[in-house]
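Below is one structure, written out as structure tokens; comments come after it.
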Amino acid sequence: FADLARGPTEGTGSYRDTDDERPALSQTLTRASTLSEFVNEQLGTTALTARQREIAEDILGNLDDDGYFRPSRLDVTGGTEAARRQLLRQAESAGIEVQETRGGLSLFWLTDDEMATWEELAHGRGCKVESYYAISTRAMAVLHDVPETEVRTVLELVKTLDPQGIASRDVRECLLTQVLVRYPDEKRLHKLIDRHLPDIEARNHQAIRKDLRVQPEELQRLLEVLATLEPRPGREFVGESARYITPDVHVIKVGDEYT
């Protein structure tokens, strides 16, 4: 499994629309359909308002080939800890989603103008920044003249539709979405995905076993379950022109064991 080795804006774009009449989902088992069409038909069964439906369609139009809805992101590193803590408090006060990382911060869902503002603020405090421009729920809220919370509500609804894991921001969220539905009581599996995808990539099984407090046999079982999940829920809908990417993380079977 892999969080794809590319920037969050690569591969995004609208899916094709067609005027052809299309049968119901139950009649399309042998007929190709775009991901947008497949999910749009499911939207017809929801209780969305007309404006919320437009927001949902915008979200679908900005999914990448893997089915992810990748956020804009500003990574802040360097500088002093005091400077980063001040930026953290400012972002939280501004209602911006922010996460602390090892040695830095990540700010999510910024508009292009906000990205420029926060780049300047970070540089002014002696920090380094790396910017990933993509669609922003904040920009979408401005476009549709609604609070950002309404865009987030629609996004969460889209995530409940098939294929499971659709509109996730990354592979971690995609896999967690699937296991919470399919294996709600597998707490160790949840923790494995939440904390240890880099360790799976590095085959650092010792660190995983120590944290999860499991024997090798139990870890192998968890990896077998993990291997049944779909890290790219949109790939079955892409055509021959799809661009394939080398994964960062693999779960492969060698003999009777998964590594």
Side-chain angles (χ1 to χ4, degrees), residues 1-12 35 59 62-77 96-110 130-132 134-137 152 155-205 207-212 214 219-236 244-252 258-259:
F1 294 97
D3 196 0
L4 307 181
R6 57 185 164 98
T9 62
E10 295 181 25
T12 57
L35 179 62
I59 290 171
N62 282 281
L63 300 181
D64 67 13
D65 285 345
D66 300 299
Y68 290 163
F69 185 66
R70 298 182 183 273
S72 57
R73 189 179 86 233
L74 181 70
D75 292 340
V76 180
T77 57
I96 293 171
E97 181 181 336
V98 56
Q99 294 178 5
E100 294 188 75
T101 61
R102 293 180 181 178
L105 306 170
S106 290
L107 284 66
F108 296 94
W109 304 112
L110 300 173
E130 190 166 0
S131 305
Y132 300 91
I135 192 63
S136 163
T137 53
R152 294 293 191 94
L155 176 59
E156 291 305 312
L157 183 144
V158 171
K159 290 178 183 179
T160 68
L161 304 176
D162 288 330
Q164 287 182 359
I166 192 70
S168 296
R169 70 171 63 190
D170 54 30
V171 69
R172 171 187 162 276
E173 183 175 275
C174 176
L175 297 177
L176 277 175
T177 297
Q178 294 175 58
V179 298
L180 288 171
V181 173
R182 296 169 58 180
Y183 306 102
D185 299 323
E186 286 271 13
K187 304 303 180 184
R188 284 173 172 163
L189 181 60
H190 303 171
K191 189 180 292 187
L192 174 67
I193 295 169
D194 188 37
R195 298 183 182 179
H196 292 293
L197 291 183
D199 288 323
I200 295 173
E201 175 190 354
R203 295 190 173 90
N204 190 359
H205 291 181
I208 300 173
R209 292 198 302 267
K210 182 178 180 180
D211 183 48
L212 301 186
V214 296
L219 177 56
Q220 179 178 334
R221 185 190 70 81
L222 293 173
L223 291 172
E224 289 175 0
V225 176
L226 181 61
T228 68
L229 305 178
E230 174 53 78
R232 296 188 178 111
R235 65 175 160 184
E236 66 180 286
Y244 293 93
I245 300 135
T246 302
D248 292 332
V249 181
H250 299 263
V251 178
I252 58 176
Y258 285 80
T259 62

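Residues: numbered from 1 along the sequence shown.
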(request) Kindly write out the residues that satisfy salt bridge (charged side-chain N to carboxylate O under 4.0 Å, His left out) with Arg152, not counting sequence neighbours, or none if the list is empty. (result) Glu97, Glu148

(request) May I ask you to test the Val98-Phe108 pair for a side-chain heavy-atom distance under 4.5 Å? (result) no

(message) Within the structure provided, determine whether Thr77 and Thr101 are in side-chain contact (heavy-atom separation under 4.5 Å).
(response) no

(message) In the structure I gave you, are the side-chain heavy atoms of Thr228 and Tyr183 within less than 4.5 Å of one another anywhere?
(response) yes

(message) Using only atom types and a distance under 3.5 Å, with no angle test, would you say the side chain of Asp66 pairs donor to acceptor with the backbone of Tyr68?
(response) no

(message) Could you report the tightest heavy-atom contact between Asp199 and Ile208, atom names first, then the distance?
(response) CB-CG1, 3.6 Å

(request) Tell me, please, which residues at least two apart from Glu130 pass salt bridge (charged side-chain N to carboxylate O under 4.0 Å, His left out). (result) none

(request) Report yes if the distance between the aromatic ring centroids of Tyr132 and Trp109 is under 6.0 Å, otherwise no. (result) no

(request) May I have the step-by-step check of salt bridge (charged side-chain N to carboxylate O under 4.0 Å, His left out) for Glu186 and Lys191, ending in yes or no? (result) CA-CA 9 Å; Glu186 286 271 13; Lys191 189 180 292 187; over 6 Å; no

(request) Check whether any side-chain heavy atom of Leu222 sits under 4.5 Å from a side-chain heavy atom of Leu212, and report yes or no. (result) yes

(request) Would you name the heavy atoms of Cys174 and Glu230 that are closest together and state the gap between them? (result) SG-O, 3.6 Å

(request) Return the minimal non-hydrogen interatomic distance between His190 and Leu180, and the atom names on each side. (result) CE1-CD2, 3.7 Å

(request) Answer yes or no: is there a side-chain heavy-atom contact under 4.5 Å between Gln99 and Leu105? (result) no

(request) Taking all non-hydrogen atoms of both residues into account, name the closest pair between Leu63 and Ala167 and its distance. (result) CD2-CA, 3.9 Å

(message) Do the side chains of Arg73 and Asp75 get close enough for a salt bridge, i.e. N-O under 4.0 angstrom?
(response) yes

(request) For residues Arg182 and Leu229, report the shortest heavy-atom separation together with the two atoms involved. (result) NH1-CD2, 3.5 Å

(message) Just so I know, are the side chains of Leu223 and Arg221 near enough to count as touching, which here means a heavy-atom distance under 4.5 Å?
(response) no

